[in-house]
Engineer: 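I have a structure here, written as structure tokens, and I will follow up with some questions on it.
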Amino acid sequence: LTEETRRRPPPMPREVEERPDMRPEEFRLEEEVEPLQLVGECCKWEANTKGLDFSFFRAYGVKRVHRLVFRMQAGRLEFQVVSQRLGFTWRLFPKRAGGLVLSRGQHNQVEAGLGGECDGHSTNFVLQEAFLSVIQLSIDLQEGTSIDAAGRRSVTPSKFRALIHYDVVFSERPQVAIAPTWIQYPAQEISYLDDELITAATTPEERADALARRRKIIRELR
């Protein structure tokens with residue numbers, strides 16, 4: 001990754017700097033955690049890579065919804081989600097040891113585990129979809145912390161929840177293209193006439209599909 005692909009992280013909240021022993025569930029979502037960021041081998045686990053940030057979508061009740069729309073440059077992606085402000089001090093990962101393969105659709109949403117720098121190692125979410133699919137990845141967060149009128153922080157860990165799901169979408173423009181070991185930001189338009197698309201295929205099946213699509217385009221142009 002080059003300096004152009006990295007962003008300066010948002011400032012660390014003052015209370016977090018003064019209390020380095022805070023547990024992940026103690027952080028206030030809007031004021032101390034957000035924005036959220038996807039991390040994985042695609043960005044060498046850098047928590048400040050441009051293009052992998054979730055957009056805040058909406059709030060309803062005590063829940064806050066975040067979305068990231070991206071294009072699959074391979075059929076498989078392994079990832080976790082961290083806080084841009086806090087880095088790996090606040091991260092989401094599967095509760096199941098060894099990782100979890102996600103299934104498409106909101107009805108297949110799963111609850112993520114919440115931890116810090118020492119948690120979740122080699123326990124990643126896995127997303128498997130067709131080469132060049134456009135994915136809308138959604139995370140619903142429910143606050144586990146509240147602040148009273150006197151400014152006192154109250155933590156109820158059992159209230160915190162993080163639900164994650166994805167859908168394949170057809171009308172959304174991806175903000176980034178993600179491969180197993182690299183990203184393209186902003187995501188460029190796809191052209192099957194470009195050699196870059198052929199070489200980006202990571203399996204024989206993906207390469208054969210891309211070549212077949214190229215041959216079809218060439219036949220139609222004649």
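This chain uses plain numbering: 1 for the first residue, then up along the sequence.
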Engineer: Between Phe93 and Thr123, what is the shortest heavy-atom contact and its length?
Structural biologist: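 Heavy-atom minimum between the residues: CB-O, 3.4 Å.
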Engineer: In the single-linkage hydrophobic clustering (I, L, V, M, F, W, Y; side-chain heavy atoms under 4.5 Å), do Leu38 and Val82 co-cluster?
Structural biologist: no
Engineer: For the side chain of Glu206 and the backbone of Gly75, is there at least one donor-acceptor N/O pair under 3.5 Å apart?
Structural biologist: yes
Engineer: Between Lys44 and Thr181, is there a side-chain heavy-atom distance shorter than 4.5 Å?
Structural biologist: yes
Engineer: Looking only at heavy atoms, what is the nearest atom pair of Pro180 and Ala74, with distance?
Structural biologist: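 What the structure gives for the nearest pair is CD-CB, 3.4 Å.
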Engineer: Is the shortest side-chain heavy-atom distance between Ile178 and Leu52 below 4.5 Å?
Structural biologist: yes
Engineer: Give the minimum heavy-atom separation between Ser55 and Gln175, together with the two atoms involved.
Structural biologist: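 Minimum heavy-atom separation between Ser55 and Gln175: OG-OE1, 4.3 Å.
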Engineer: Would you call Asp53 and Leu36 a side-chain contact if the rule is heavy atoms closer than 4.5 Å?
Structural biologist: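 Asp53 vs Leu36: side chains apart.
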Engineer: What I'd like to find out is whether the side chain of Arg71 reaches to under 4.5 Å of the side chain of Gln184, using heavy atoms alone.
Structural biologist: yes
Engineer: Taking side chain as C-beta onward, heavy atoms only, is His121 less than 4.5 Å from Gln80?
Structural biologist: no
Engineer: Which value, rounded to the nearest 0.5 Å, describes the distance between Lys95 atom NZ and Leu114 atom CG?
Structural biologist: 10.0 Å
Engineer: Looking at Leu29, is its backbone amide N or carbonyl O close enough to the side chain of Glu143 to form a donor-acceptor pair, meaning the two atoms are under 3.5 Å apart?
Structural biologist: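 Checked: pair present.
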Engineer: Going by the side-chain hydrogen bond (donor to acceptor under 3.5 Å, both in side chains) test, name the single residue among Arg64, Arg28, Arg85 that passes it with Glu34.
Structural biologist: Arg64
Engineer: Report yes if some heavy atom in the side chain of Glu129 is under 4.5 Å from a heavy atom in the side chain of Tyr166; otherwise report no.
Structural biologist: yes
Engineer: Report whether Leu127 and Val134 are members of the same hydrophobic cluster (ILVMFWY, side-chain heavy atoms less than 4.5 Å apart, transitive linking).
Structural biologist: no
Engineer: Consider only side-chain heavy atoms of I, L, V, M, F, W and Y, link residues closer than 4.5 Å, and tell whether Met72 and Val168 are in one cluster.
Structural biologist: yes
Engineer: Starting at CZ of Arg213, measure out to CG of Leu132 and round the result to the nearest 0.5 Å.
Structural biologist: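 Going from CZ on Arg213 over to CG on Leu132, the span is 7.0 Å.
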Engineer: Mind checking whether Val39 and Ile135 sit in one hydrophobic cluster, side chains of I, L, V, M, F, W, Y counted as touching below 4.5 Å?
Structural biologist: no
Engineer: Do the side chains of His66 and Val81 get nearer than 4.5 Å, heavy atoms only?
Structural biologist: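 Heavy-atom side-chain distance check fails, nothing below 4.5 Å.
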Engineer: Looking at every heavy atom in both Leu68 and Gly51, which two are closest together, and how far apart are they?
Structural biologist: CD1-O, 4.0 Å
Engineer: Which residue is it: Arg91, Glu46, Gln84? I am looking for the one with a side-chain hydrogen bond (donor to acceptor under 3.5 Å, both in side chains) to Gln37.
Structural biologist: Gln84
Engineer: Run the numbers on Arg58 and Arg67 for side-chain contact (heavy atoms from CB on, under 4.5 Å), then give the verdict.
Structural biologist: CA-CA 10 Å; Arg58 65 170 179 167; Arg67 288 180 174 176; over 6 Å; no
Engineer: Taking the side chain as every heavy atom from C-beta outward, state whether Glu78 and Glu41 have any pair of such atoms under 4.5 Å apart.
Structural biologist: no
Engineer: Is it the case that the side chain of Asn108 and the backbone of Arg104 share a donor-acceptor pair, with hydrogens and angles ignored and the cut-off at 3.5 Å?
Structural biologist: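 Yes, Asn108 side chain to Arg104 backbone: donor-acceptor pair under 3.5 Å.
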Engineer: Can you name the nearest heavy-atom pair linking Phe131 to Gln73, along with the distance?
Structural biologist: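 Nearest pair, atom of Phe131 first, then Gln73: CE1-O, 3.2 Å.
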Engineer: Could you state whether Phe160 and Phe88 fall into the same hydrophobic cluster, counting links through intermediate Ile, Leu, Val, Met, Phe, Trp or Tyr residues with side-chain heavy atoms under 4.5 angstrom apart?
Structural biologist: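 No, it is not one cluster - the side chains of Phe160 and Phe88 are not joined through contacts under 4.5 Å.
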Engineer: Rounded to the nearest 0.5 Å, what separation is found between the CG atom of Leu86 and the CD atom of Glu117?
Structural biologist: 10.0 Å
Engineer: Minimum heavy-atom separation for Tyr185 and Val176, please, with both atom names.
Structural biologist: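 The pair with the smallest heavy-atom distance is CB-CG2, 4.0 Å.
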Engineer: Which distance, rounded to the nearest 0.5 Å, do you find between the CD of Gln142 and the NZ of Lys63?
Structural biologist: 6.0 Å
